[in-house]
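Below is one structure, written out as structure tokens; comments come after it.
Each chain gets a letter, A, B and so on, in the order the sequences are listed, and its residues count up from 1. These figures come from a predicted structure and were not determined experimentally.
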2 protein chains.
Amino acid sequence: MNLPHSVAERAQDHVNNDRLQAAIAALARFGGRDDGGVARETLTEIDLASRRHLIDLARALGCEVSIDDCANLFFRRRGSTDLPPVLTGSHGDTQPVGGKLDGAYGVLAGLEVIAALNDAGITTLRPIDVVAWTNEEGSRFGPGAMGSSAYVEPARLAQYRESLDRNQISFGSALDAALAAVADVPRRPMQQPMAACVELHIEQGPVLERASVPLGVVTGIQAVRWFEVTCTGMAAHAGTTPMDERADAMAAAVGIAQRLYSLAAREATSQLRLTLGRWQVGPNSINTIPGKVTFSVDVRCVDDAVLARFEHTLRTMTQAADWRGSMTVACIFQRAPTLFPDGMLRLIEQACTRASQSPPLRLTSGAFHDAMYLAEHCPTAMIFVPSKGGISHNAAEETAPHELLLGVQALAYTVAALANQ
Amino acid sequence: MNLPHSVAERAQDHVNNDRLQAAIAALARFGGRDDGGVARETLTEIDLASRRHLIDLARALGCEVSIDDCANLFFRRRGSTDLPPVLTGSHGDTQPVGGKLDGAYGVLAGLEVIAALNDAGITTLRPIDVVAWTNEEGSRFGPGAMGSSAYVEPARLAQYRESLDRNQISFGSALDAALAAVADVPRRPMQQPMAACVELHIEQGPVLERASVPLGVVTGIQAVRWFEVTCTGMAAHAGTTPMDERADAMAAAVGIAQRLYSLAAREATSQLRLTLGRWQVGPNSINTIPGKVTFSVDVRCVDDAVLARFEHTLRTMTQAADWRGSMTVACIFQRAPTLFPDGMLRLIEQACTRASQSPPLRLTSGAFHDAMYLAEHCPTAMIFVPSKGGISHNAAEETAPHELLLGVQALAYTVAALANQ
């Protein structure tokens, strides 16, 4: 790649910290809570108001605003050509109680890059699109990352429209209302070609903080497999049933769970991550032997082969379980690892090094992001900034202001460079 | 003891199988279900209707009916003296879905004993009281065995009255309505002296069936201790949090649970029974590391010293737990073993042997019964008949009719003998 670095450097140098921090504070008022958290689930009244706020911000920066059938919002800064654009941005929705940075930071960073290019008087070769994806969190309507996954494969949208929230409102009807609320914004097709995509996000984990490095180059996203293990025994009286006559579903489940934790400990070097997060116990009474226990297995690794080996062991283990009941394993979700292309990583590494005057850390993302789906569509990569204590999806989510600034500076360099290729 | 065995034998021989089976079927219609189960929770409309049915039955047998402040119903057959009575009976309420025998069998058996004494033309020295205790099950209002425990210690009633059901109705208001519904029945004081108490009940466990013995002499009721173990870690993202930075409350809980199950296996010879029945997991989400797990420990044994040793090990184990979170153990209930007096056991053994033409089995009760509280008040014991498959608290609860008959025959002998001492 022959990079026009002087333009990228000028863009980076024009990022304005005060404007960035003010923009983050302003968006956080949409759904802001007394504890510093933000409650802005997708397509709620609060989310729609925040979208109007973003549209106004983007238009004030001279952007053309458009929206697609999944209510993904696009803010375009024109280039000197109509070549496929460079995409940046993230999502504007939060968990039921989230922080002010998860998602919002990436969207506002994109708008700050545009402001910086404006200030620097730069016209890029390619257009730059800043996107605010719909429903990344997946907390109101499942699954998550609806907007980005529908963008790269629009056939997904029909099924997403049927998804219901806890009040039995469908995603489809919420979507139609959201689109009707911005009737002044022209519709644009999905699945349009992109030159590249860069997403800036908080890490949501402790790796950067632990290493005392302010910027991370994300090399990819872990593979994941989700299972549900169901142990079916016989509910019976805790006092009257002798131990050797029991079909205790909890004793069986605990036995398997303990062996899975041991297995994960033995896989420490492969960085396998194991979480048994959701448990359903029936009848769940102090003095009744559990008759049925179901627990979830969330297992992740950069190396899909490690997960395949884990799954094999899990299935062998449950089939061989020696007790009076039965045990089943169902795979309920599975995704191969996402590996971002090396050229993108090297460009981001340059951008980060210049911003922070030190080399960034290479790390993988343990969480899913919209970039995971964009990687199926165009060369994609991500930049991380630290999360204090590794905390996210929580009102206590926080990143130091100077680290937020460094992240946007790295993004500005990267986007400007890509937009001139 | 100098027992008037000829009277006891005549009482036993006058037990009428057809009348007994008909009485069981008639009471089972109050709350009867299509699947053969009975839904007659305490002090519901159905339970009040069944109480009226029992009152009518008892009056037809010539009994004097009375009720106490906890709505325990007493049916008295007069003796030739006013010496303290012999008490028999059980409870009329069921679990949300129970069978037709648990409790009901003991009450109807008592009435059948009175009918047999009538048929035999026997007048006993002491009165005989048949009781239907209020709220033995504890499923609608906690705790269980309210009626019998309040009878032996009336001060308990004030607190029981505050107990709320799932519709926020207090036990006190349900009690007042039940008492008002039988305004024709005279009130009697609680805590009155009793000469002895015998309760006939289904085993609710598999021991008699396994031994192919139709009658059991219950030597006592197991000691029990209930604990709540709470593991407090830190909820965090399943994807982004490295294994060595986790404070995974479920991993900690599973580790302790596995060690408790192993401990119980090593105590097999002491017949310790361990149930980890109730689990609460927060936030209980597939992709979030559990931040808090609470589980119940129900541990029972005939030998209280074994439970003391178990508790010591549990506390040591949790204090020594090596992880990033904290762990607490709270004892939420504890009861020493109940040992029935040897004289009562020998009498019941004679009664059972004559009824079934073979020696009964001595066994301990794993379940609580009203007799557990009566044992604090007067010489008490219990007779068990088998439960098919050990099943109870279930529509499938069943005992063979000839075994039900043998149980009442043994009870008639015992009660008649005691009432002539």
Side-chain angles (χ1 to χ4, degrees), chain A residues 203-207 210 221-222 224 226 235-246 248 250-251 253-255 257-258 261 264-265 268 271-281 283-290 293 295-296 298 300 332-333 365-368 387 390-394, chain B residues 203-207 210 221-222 224 226 235-246 248 250-251 253-255 257-258 261 264-265 268 271-281 283-290 293 295-296 298 300 332-333 365-368 387 390-394:
Chain A
E203 182 199 332
Q204 301 181 271
V207 176
R210 195 170 47 181
I221 297 176
Q222 288 182 337
V224 63
W226 283 358
H237 196 297
T240 61
T241 316
M243 292 302 276
D244 60 357
E245 303 235 348
R246 297 182 174 208
D248 185 334
M250 182 53 80
V254 162
Q258 181 63 43
Y261 286 127
Q271 299 197 349
L272 179 136
R273 289 174 183 167
L274 172 70
T275 305
L276 312 182
R278 190 174 67 190
W279 290 67
Q280 294 157 280
V281 180
N284 213 30
S285 158
I286 291 184
N287 56 351
T288 305
I289 299 162
V293 174
F295 64 94
S296 64
D298 172 316
R300 309 191 190 208
I332 56 176
F333 181 72
S365 172
F368 298 156
S387 291
I391 297 166
S392 72
H393 290 189
N394 192 307
Chain B
E203 182 198 332
Q204 302 181 273
V207 175
R210 198 170 46 180
I221 298 177
Q222 288 182 336
V224 63
W226 283 358
H237 196 296
T240 60
T241 316
M243 293 302 276
D244 59 357
E245 304 236 347
R246 297 181 176 210
D248 185 334
M250 182 52 81
V254 161
Q258 181 63 42
Y261 286 128
Q271 300 197 350
L272 179 136
R273 289 175 182 165
L274 173 70
T275 305
L276 312 182
R278 190 174 67 189
W279 290 67
Q280 293 157 280
V281 181
N284 213 29
S285 159
I286 292 183
N287 57 352
T288 304
I289 299 161
V293 174
F295 65 95
S296 64
D298 172 315
R300 308 191 192 209
I332 56 176
F333 181 71
S365 172
F368 298 156
S387 291
I391 296 166
S392 73
H393 289 189
N394 192 307

So which part of [X] gets closer than 4.5 Å to some heavy atom of chain A, the side chain, the backbone, both or neither?
{"X": "A235(B)", "value": "neither"}
{"X": "R273(B)", "value": "both"}
{"X": "E203(B)", "value": "backbone"}
{"X": "Q204(B)", "value": "both"}
{"X": "T275(B)", "value": "both"}
{"X": "E245(B)", "value": "side chain"}
{"X": "A251(B)", "value": "both"}
{"X": "N394(B)", "value": "neither"}
{"X": "V281(B)", "value": "side chain"}
{"X": "L274(B)", "value": "both"}
{"X": "W226(B)", "value": "side chain"}

Check your understanding: Relative to chain B, which of S392(A), G277(A), P283(A) shows the most heavy atom pairs under 4.5 Å?
Key ->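 Result: the option with the highest number of such pairs is G277(A).
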Practice item. Could you have a look at V254(A), I332(A), D244(A), T240(A) and say which one has the most heavy-atom pairs with chain B under 4.5 angstrom? Key: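 When all of V254(A), I332(A), D244(A), T240(A) are compared, T240(A) has the most.
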Heavy-atom pair count under 4.5 Å with chain A, highest-scoring of [options]:
{"options": "A367(B), G205(B), G390(B)", "result": "A367(B)"}
{"options": "P242(B), G255(B), A257(B)", "result": "P242(B)"}
{"options": "A265(B), P290(B), A264(B)", "result": "P290(B)"}

Check your understanding: Would N287(B) and S285(B) count as having a side-chain donor-acceptor pair, cut-off 3.5 Å?
Key ->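 Result is yes, a qualifying pair exists.
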Check your understanding: Within a strict 4.5 Å, meaning less than it, do heavy atoms of the F333(A) and I286(B) side chains meet?
Key ->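 Side-chain contact under 4.5 Å: no.
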Practice item. Indicate yes or no: at least one non-hydrogen side-chain atom of M250(A) is less than 4.5 angstrom from one of Y261(B). Key: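 Result yes, sub-4.5 Å side-chain heavy-atom pair found.
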Point to revise | Q271(A) atom CD, over 12 foreign heavy atoms within 6.0 Å | key: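 No.
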Exercise for review: Nearest 0.5 Å please: distance from the CZ atom of R246(B) over to the CD1 atom of I289(B).
Suggested key: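 Those atoms lie 3.5 Å apart.
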**Study point:** Least distance between heavy atoms, N284(B) atom then W279(A) atom
**Key:**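 That closest heavy-atom pairing would be OD1-N, 2.8 Å.
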Check your understanding: Which pair of non-hydrogen atoms, one from L272(A) and one from M243(B), has the smallest distance, and what is that distance?
Key ->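 Residues L272(A) and M243(B), closest heavy atoms: O-CG, 3.3 Å.
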Check your understanding: In terms of ring plane angle, is the pair H393(A) and H237(B) parallel, tilted or perpendicular, where the classes change at 30° and 60°?
Key ->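 Tilted.
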Review point. With a 4.5 angstrom heavy-atom cut-off, which part of S296(A) approaches chain B: side chain, backbone, both or neither?
Key: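 The side chain, not the backbone.
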Review point. Any Lys/Arg nitrogen of D298(B) or R300(B) sitting under 4.0 Å from an Asp/Glu carboxylate oxygen of the other?
Key: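 Looking at D298(B) and R300(B), the cut-off is met.
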